[in-house]
Every structure is written in structure tokens, then in C-alpha cells.
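In what follows, a structure is listed as C-alpha cells, so that the remarks can point back to it.
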Amino acid sequence: MATEQRRGRRIMMTPDEIDSYLAGQRTCRVATVSADGRPHAGALWFVWDGTSLWLYSLTRSRRWADLRADPRIAVVVDDGEGYGELRGVELSGSVEFVGEAPRTGEPHPELDVPERLFAAKNFGLDTMPHDGRHAWLRLTPSAVVSWDFRKLTEG
């Protein structure tokens with residue numbers, strides 16, 4: 001995982017903290033850029049496998065169309081209410097399209113782990129349900145920035 005954080009080192013998460021945090025969160029905010037330059041941001045469920053962020057996106061969405069034209073993406077996962085509780089991770093890079101689109105469940109060994117993790121995390125199932133409307137995007141980040149304001153109150 002690429003971490004080149006220059007500012008906020010006091011509050012940045014360690015790689016283990018980032019892994020644990022991303023494994024425990026469900027929803028991220030995904031930012032893309034349309035062909036005319038307009039930004040687009042939306043919420044999406046994800047799963048983290050320790051190396052890559054896997055996004056299960058509608059194939060007939062603006063996000064999908066944006067990424068087909070330009071695979072660059074920024075994703076934020078964050079939480080906290082009060083200032084001293086704020087924490088999160090921003091991951092950026094370019095996505096790869098993995099498997100058939102839309103996903104119908106054809107065997108694809110590269111998707112075995114993310115589909116097992118996603119099904120358990122988001123549906124409480126052992127196997128991934130396929131609806132013929134979604135497909136997989138993989139972001140192996142080229143840059144990662146993190147923050148955990150709870151560290152400001154630690155001794």
C-alpha cells in the first residue's frame with residue numbers, strides 16, 4: 001500500500017490500523033470525473049482485501065460510465081461525530097474492471113476472495129448473490145492518506 005503522507009503524521013494511521021479500519025467499515029464515498037470535467041461523488045459499499053478496495057457498482061451508472069472513460073478515482077472512508085472522534089482513509093489511483101459486466105457469477109478465481117468477503121460483510125451470506133446489474137471494480141491505491149483525531153488526546 002502506497003502511503004506518502006507528508007502532513008498530519010501525528011494523526012495518521014499505521015498500515016495495520018488502516019487494514020483494520022477498512023475491514024470494519026461498509027460504506028465509502030467514490031469520486032469520479034465525467035468526460036466534460038464535472039465531478040461526481042456517490043456512496044457505495046466496498047470490501048478491503050488487505051491490498052485492494054473492491055467496489056461493486058451498477059454498470060448502468062454515471063460512476064461506471066465515468067470510469068470507463070477515465071479510470072482515475074478517489075475514495076474516502078470516514079466516520080466520527082465530534083472533532084476528536086474523526087478518522088478516515090482516502091485512497092486514490094486507477095480502477096481495473098474485473099470479471100464480466102454485469103456480473104452473473106461466471107467462475108472467476110480473482111473474485112473468489114472479494115465476493116466471499118463482500119457477501120459476508122454486507123449480506124450475512126456465505127456466497128455472493130448476483131443480480132445481473134452490478135460488476136466489480138478494483139482499486140489498488142497508488143496513494144493513501146489517513147487520519148485519526150483520537151490520537152490527539154492520547155498521552
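Put simply, the side chain of S92 never gets that close to the backbone of S142: no donor and acceptor are under 3.5 Å apart. Using a distance-only test at 3.5 Å, with no hydrogens or angles considered, a donor-acceptor pair links the side chain of R26 to the main chain of K121. No donor-acceptor pair closer than 3.5 Å links the side chain of S20 to the backbone N or O of E17. S146 contributes a side-chain N or O that, together with a main-chain N or O of M13, makes up a donor-acceptor pair within less than 3.5 Å. Between the side chain of R103 and the backbone N or O of E106, at least one donor-acceptor pair lies under 3.5 Å. Judged purely by atom type and a 3.5 angstrom limit, K151 uses its side chain to pair as donor or acceptor with the backbone of M12.
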- Task: Apply side chain to side chain contact (heavy atoms under 4.5 Å, CB included) to the pair W48 and L91, showing each step before the final yes or no.
- Result: CA-CA 11 Å; W48 174 252; L91 308 102; 3.9 Å; yes
- Message: Working note: H130 + T104, criterion side chain to side chain contact (heavy atoms under 4.5 Å, CB included); need CA distance, chi angles, decisive distance, verdict.
- Response: CA-CA 6 Å; H130 301 286; T104 59; 5.6 Å; no
- Between R87 and Q25, is a side chain to side chain contact (heavy atoms under 4.5 Å, CB included) present by the stated rule, with each step listed? CA-CA 12 Å; R87 62 187 179 150; Q25 298 296 313; 4.1 Å; yes
- Query: Between L55 and I73, does a side chain to side chain contact (heavy atoms under 4.5 Å, CB included) hold up when you go through it step by step?
  - Reply: CA-CA 11 Å; L55 305 163; I73 191 171; 3.9 Å; yes
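Rounding to the nearest 0.5 Å gives a distance of 7.5 Å between CG of L58 and CG of D131. The structure places CZ of F118 at 13.5 Å from OG1 of T127, a figure rounded to the nearest 0.5 Å. With rounding to the nearest 0.5 Å, the separation of CZ in R68 from OG1 in T32 is 14.0 Å. In this structure, R29 CZ and L44 CG are separated by 12.0 Å, a value rounded to the nearest 0.5 Å. Put simply, CG on L22 and CG on D49 are 10.5 Å apart, with the number rounded to the nearest 0.5 Å. In this structure, S57 OG and R133 CZ are separated by 11.0 Å, a value rounded to the nearest 0.5 Å.
E85 pairs by the salt bridge (Lys or Arg N to Asp or Glu O under 4.0 Å) definition with nothing, not counting sequence neighbours. With sequence neighbours left out, the salt bridge (Lys or Arg N to Asp or Glu O under 4.0 Å) criterion links D36 to R38. Residues satisfying the ring pair (Phe, Tyr, Trp, His ring centres under 6.0 Å) test with H134, not counting sequence neighbours, are Y56.
Within the structure, ring-ring contact (aromatic ring centres under 6.0 Å, His included) pairs that include any residue of residues 86-109 comprise W64-F97 (at least two apart or interchain). Residue pairs meeting the ring-ring contact (aromatic ring centres under 6.0 Å, His included) criterion with at least one partner in residues 67-92, sequence neighbours excluded, are Y83-F149. Pairs of residues two or more places apart, or lying in two chains, that qualify as ring-ring contact (aromatic ring centres under 6.0 Å, His included) and include a residue from residues 11-45 are W45-F123.
In this model, no donor atom of one side chain and acceptor atom of the other lie less than 3.5 Å apart for S52 and R138.
The side chain to side chain contact (heavy atoms under 4.5 Å, CB included) test with V89 singles out one residue from V144, D78, L53, D19, and that residue is V144. Results of the side chain to side chain contact (heavy atoms under 4.5 Å, CB included) test with W54 over L137, V95, L111, V113 single out L111 as the only residue that passes.
P102 and A135 get closest at one heavy-atom pair: CA-CB, 4.2 Å. Of all heavy-atom pairs between P114 and V47, the closest is O-CG1, 3.8 Å.
A continuous path of Ile, Leu, Val, Met, Phe, Trp and Tyr side chains, each step under 4.5 Å between heavy atoms, connects V76 with L86, placing both in one hydrophobic cluster.
Annotation for R72: atom CZ does not count as buried by contact number, only 12 or fewer foreign heavy atoms lying within 6.0 Å.
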